[in-house]
Amino acid sequence: MKFTKMHGIGNDYVYVNCFEETVKDPVKTAIAISPRHFAVGSDGLILIKPSKVADCCMEMYNADGSLGAMCGNGVRCVGKYAYDHGIVDRSKTTITVETGSGIKTLKLTVEDGKAVMAEVDMGSPVLTSHKADKPLVMEDYRKLTPDEIWEDIEVDGKNWKMIGVSMGNPHAIVYVDDTDSLEIEKIGPLFENHPRFPDRTNTEFVQVVDDHTLKMRVWERGSGETLACGTGACATLTASTLAGYVKGKADIKLLGGTLHIELREEDGHVMMTGPATEVFTGEWDE
């Protein structure tokens, strides 16, 4: 099986072009190929497949083999791969990718014949605090009350205030004074597997730097701490706008780099902009 290793600001996956390759057991392959030191090393496996409704389809598996709905950093890399490797017409710099959370539209920035950056329309976020299921529109950011936005949750004997947001996958956003000193390897699994989240959750630990800059560390369900999470950055911008910490756009600083996230005024969609990088290619003996 031929594969390509790619990353979006350190959120790395093994990508397989399923226009040409066949992965017989993606769950088994994801578990086998992901461990660092003993295999290729990645946050999981992403299959790039044909689609009847978009230019291509992204099917993603976490490092533990669980199926994921969406990965913001991953979809940028899929867009880059599709452009660079001729899956889409090279005259196109706007492409569509089918994902487990709907079709995403990407606008590619091309330099020297290669896609280096992508802006992704991540769609409308959904507020899930208090187990609500409320798709957000722009007026919600001004009219929702704090009691609707914030939810209390007890983790490890401590009461935390969180904001629940879905970007097609679940996120719990909590705010801390200092992300650098956070013992994320201790607290992250407790959030992920809390009874409040029957399907587990991604958790973003956020430090507010100013009204246009946020620092974030993320514990992803099925993968542990990763250097970046695109959907997590989008959920963080959404939560921080609802909470009044930022004004609809911010640079989100993650361990692997920075993403620019913005709420689009005309429709309330979350726009994510960041780089995509190809690292190397190889062959895996299944």
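The first residue in the sequence is number 1, and the count goes up from there. Scope of the values below: all heavy atoms of this structure, side chains included, with no hydrogens, waters or symmetry mates.
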Inset, instruction - Tell me, yes or no, whether the heavy-atom count around Lys5 atom NZ, taken from other residues, nucleotides or ligands under 6.0 Å, exceeds 12. - result: yes
Legend entry - Arg90 side chain near Tyr83 side chain, heavy-atom distance below 4.5 Å: yes
Inset, instruction - Would you mind checking if Glu278 and Lys80 are paired as a salt bridge, meaning a charged N to carboxylate O distance below 4.0 Å? - result: no
Legend entry - Worked check of side-chain contact (heavy atoms from CB on, under 4.5 Å) between Ile9 and Thr258: CA-CA 7 Å; Ile9 61 169; Thr258 299; over 6 Å; no
Inset, instruction - Salt-bridge test for Arg217 and Asp178: reply yes if a basic N is under 4.0 Å from a carboxylate O, no otherwise. - result: no
Inset, instruction - Would you indicate whether the side-chain heavy atoms of Leu144 and Leu127 approach each other to under 4.5 Å? - result: yes
Legend entry - Euclidean distance, Thr281 OG1 relative to Phe3 CZ, rounded to 0.5 Å: 7.5 Å
Inset, instruction - Go through Val165 and Glu204 one step at a time and tell me if the side-chain contact (heavy atoms from CB on, under 4.5 Å) criterion holds. - result: CA-CA 11 Å; Val165 175; Glu204 285 71 41; over 6 Å; no
Legend entry - Whether Thr99 side chain and Gly102 backbone form a donor-acceptor pair below 3.5 Å: yes
Inset, instruction - Test Ile46 against Met58 for side-chain contact (heavy atoms from CB on, under 4.5 Å), laying out the working first. - result: CA-CA 7 Å; Ile46 290 181; Met58 178 181 87; 3.6 Å; yes
Legend entry - Qualifying residue, where the test is side-chain hydrogen bond (donor to acceptor under 3.5 Å, both in side chains) with Lys215 and the options are Thr236, Asp180, Asp251: Asp180
Legend entry - Lys49 side, atom NZ; Cys18 side, atom SG - distance, nearest 0.5 Å: 6.0 Å
Legend entry - Short side-chain to backbone donor-acceptor contact, Asp84 and Ala115, under 3.5 Å: yes
Legend entry - Same cluster (ILVMFWY, side-chain, under 4.5 Å), Leu182 and Val155: yes
Inset, instruction - State plainly whether the residues Arg221 and Glu192 are in salt-bridge range, i.e. N to O under 4.0 Å. - result: no
Inset, instruction - Would you tell me whether Asp64 and Ser66 have side-chain atoms, one donor and one acceptor, within less than 3.5 Å of each other? - result: yes
Legend entry - Basic-acidic side-chain contact under 4.0 Å: Arg264, Asp121: yes
Inset, instruction - Nearest 0.5 Å please: distance from the OH atom of Tyr61 over to the CG atom of Asp25. - result: 8.5 Å
Legend entry - NZ (Lys28) with more than 12 external heavy atoms under 6.0 Å: no
Legend entry - Verify same cluster id: Ile261, Phe205 (apolar side-chain graph, 4.5 Å): no
Inset, instruction - Treating Ile, Leu, Val, Met, Phe, Trp and Tyr as nodes and any side-chain heavy-atom pair under 4.5 angstrom as an edge, say whether Met167 and Ile163 lie in one connected cluster. - result: yes
Inset, instruction - Examine Leu259 and Leu108 and state if one hydrophobic cluster contains both, with Ile, Leu, Val, Met, Phe, Trp and Tyr joined whenever side-chain heavy atoms are less than 4.5 Å apart. - result: yes
Legend entry - Spacing of Asp156 atom CG and His194 atom NE2 [to the nearest 0.5 Å]: 10.0 Å
Inset, instruction - Using a strict cut-off of less than 4.0 Å between a Lys/Arg side-chain nitrogen and an Asp/Glu carboxylate oxygen, indicate whether Glu148 and Lys134 qualify as a salt bridge. - result: no
Inset, instruction - Without swapping roles, check the side chain of Asp43 against the backbone of Asp12 for a donor-acceptor pair under 3.5 Å. - result: yes
Legend entry - Validation row: Cys71, Asn11 side chains within 4.5 angstrom (heavy atoms): yes
Inset, instruction - Compute whether any side-chain donor of one residue and acceptor of the other, for Tyr175 and Ser240, lie under 3.5 angstrom apart. - result: yes
Inset, instruction - Without swapping roles, check the side chain of Arg76 against the backbone of Met117 for a donor-acceptor pair under 3.5 Å. - result: no
Legend entry - Enclosure of Glu183 CD (heavy-atom neighbours >12, cutoff 6.0 Å): no
Legend entry - Hydrophobic cluster membership, Met162 vs Ile173, 4.5 Å side-chain cutoff: no
Legend entry - Flag side-chain contact, heavy atom, 4.5 Å: Thr241 against Thr238: no
Legend entry - Side chain proximity check, Ile153 to Phe191, heavy atoms < 4.5 angstrom: yes
Inset, instruction - Answer whether the closest heavy-atom distance between the side chains of Thr203 and Trp160 falls below 4.5 Å. - result: no
Inset, instruction - Please indicate whether Phe38 has more than 12 foreign heavy atoms, meaning atoms of other residues, nucleotides or ligands, lying under 6.0 Å from its CZ. - result: no
Inset, instruction - Kindly indicate whether the side chain of Leu67, heavy atoms from C-beta on, has any atom under 4.5 Å from the side chain of Glu59. - result: yes
Legend entry - Side-chain donor or acceptor of Thr179 paired with backbone N/O of Met216 under 3.5 Å: no
Legend entry - Neighbour count >12 (heavy atoms, 6.0 Å) for atom CG, Asp152: yes
Inset, instruction - Would you mind reporting whether Tyr15 and Cys77 have side-chain heavy atoms less than 4.5 Å apart? - result: yes
Inset, instruction - Assign the ring pair Tyr81 / His85 to parallel, tilted or perpendicular, where the plane angle (0 to 90°) is split at 30° and 60°. - result: parallel
Inset, instruction - Answer yes if the side chains of Asn169 and Thr231 hold a donor-acceptor pair under 3.5 Å, and no otherwise. - result: yes
Inset, instruction - Verify whether one side chain among Thr226 and Glu220 offers a donor that lies under 3.5 Å from an acceptor in the other. - result: yes
